[in-house]
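This report refers to the structure that appears directly beneath it.
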Amino acid sequence: MSGKDRIDIFPSRMAQTIMKARLKGAQTGRSLLKKKADALSMRFRQILRKIIETKTLMGEVMREAAFSLAEAKFAAGDFSATVIQNVNKAQVKVRAKKDNVAGSLAKTFLVTTKLADFFFNCSPHHECHLCLFSGVTLPVFEHYQEGGDSYELTGLARGGEQLSRLKRNYAKAVELLVELASLQTSFVTLDEAIKVTNRRVNAIEHVIIPRIERTLTYIITELDEREREEFYRLKKIQEKKKQLRERTEKEIAQRLAALGPIAEPMNMLNEEADQDLLFE
Amino acid sequence: MPGRGKLIAVIGDEDTCTGFLLGGVGELNKNRKPNFLVVEKDTSITEIEETFKSFLARSDIGIILINQFIAEMIRHAIDAHMESIPAVLEIPSKEHPYDASKDSILRRAKGMFSAEDFR
């Protein structure tokens, strides 16, 4: 890729200072972004581990719930058809919260490391809705109950106890699954965020900074060359002046020799013949 | 910014659906369309895929629970879903216990997997 260009700018001392400042800024920006990416990846790995744990736990919970379903079927007969027909309104719903970061961008970056420490020790998601993390909004699911139980009368004939146990088991499973869903969504969001941040870090490191450095070297070389030109010109002028001076001295010495042994400087008062004035 | 309550959709075999409906997640919306699909042995893959896509398109569904063996059938549709909401969760069924290596979410983090071990 022939991206080997530099920023077009007139080489001057001020331009040099500006470029230096910009280089400093780019380097600081890059290191900050790298820190952010590192913090995000750490959090990412934490979440991944938690997800694996929760999923295995969920596998067990589901197995238990399925077992109690079989029990209930045995006791109460086949109620699946009735259940499916009697669907009306959902009792359990979820709310998706997106938590935003407050405050200015600069503050966020400065607080990143402190925040990171704080949130590494905080248990993920289901309790704290403060799931902000260095400028990334993470969605969180919270589940809530609404309305009455539409299946209250289902097990009335027989198997009521098994059925209520079954309902409780599945309600517990639902809670666990909601938590798992929160983890998963933040996992996906974090994944994206990490990719974006890494892309930006690489861009700064491999494109922006080299470009600025190239501009800086260009300015410096131009300035040096100009100085050298000036110097050379000065030297040349001095030489010429010296030559001129030598020549005039030689001439004066010659004239002095021609005039005679003693030569007085010219006296204006002695001169008789003044040149006539133009008007007669 | 909290949204209005979102539903939990279920795509599973009869037992899974019954269980979750008893848990209270089932609902029929205004057009009498349910937020769950009971998958039997003769349900076609296209139908499953259609329902999945329609669930994705509905804005009132926050989570989609799907049995893992059904997820295998429409794996390509699930992998194509990149947004964070609705969240797609794979759950085991009675015959097929949970297999983490088939989970599409975990597969995305394949690179990190070598460092993790399943506990």
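Values reported hereafter were calculated over all heavy atoms of this structure, with side chains retained and with hydrogens, waters and symmetry mates removed. Only a predicted model underlies this, so the values are computations on that prediction, with no experimental measurement involved. Naming: A, B, ... by sequence-line order, numbering from 1 per chain.
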Could you look at B/Pro34 and say if it's the side chain, the backbone, both or neither that has a heavy atom under 4.5 Å from chain A? neither
Roughly how far, to the nearest 0.5 Å, is the CD1 atom of B/Ile63 from the OG atom of A/Ser182? 6.5 Å
Can you confirm whether A/Arg22 is buried at CZ, in the sense that more than 12 heavy atoms of other residues, nucleotides or ligands lie under 6.0 Å from that atom? no
Heavy atoms only, distances under 4.5 angstrom: which of B/Leu89, B/Val38, B/Ile91 has the most pairs with chain A? Name it, please. B/Leu89
So how far is it from B/Thr16 OG1 to A/Leu69 CG, rounded to the nearest 0.5 Å? 8.5 Å
Among A/Leu166, A/Leu180, A/Val174, which has the most heavy-atom pairs under 4.5 Å with chain B? A/Leu180
Validation row: B/Ser93, A/Met62 side chains within 4.5 angstrom (heavy atoms): no
Whether the side chain of A/Gln184 engages the backbone of B/Val88 through a donor-acceptor N/O pair (distance < 3.5 Å, no angle test) should be reported. yes
Quick one: of A/Lys93, A/Arg63, A/Lys172, A/Lys73, who has the most non-hydrogen atom pairs under 4.5 Å with chain B? A/Lys93
Is there any ring-ring contact (aromatic ring centres under 6.0 Å, His included) pair reaching into residues 31-64 of chain B, and which pairs are they, with sequence neighbours excluded? none
Proximal component of A/Ala181, with respect to chain B [non-hydrogen, under 4.5 Å]: both
Would you call B/Ile8 and A/Val178 a side-chain contact if the rule is heavy atoms closer than 4.5 Å? yes
Do you know which of B/Cys17, B/Pro92, B/Gly23 has the most heavy-atom pairs with chain A at a distance under 4.5 angstrom? B/Pro92
Check whether A/Leu177 gets within reach of chain B through its side chain, its backbone, both or neither, counting any heavy atom under 4.5 Å. both
Counting only heavy atoms from other residues, nucleotides and ligands, does the tally under 6.0 Å from CD of B/Glu50 exceed 12? no
Residues in side chain to side chain contact (heavy atoms under 4.5 Å, CB included) contact with B/Lys53, at least two apart in sequence or another chain: B/Glu49
Neighbour count >12 (heavy atoms, 6.0 Å) for atom CZ, A/Arg200: no
Taking all heavy atoms of A/Met58 and all of B/Glu90, pick out the closest pair and write down the distance. CE-O, 3.7 Å
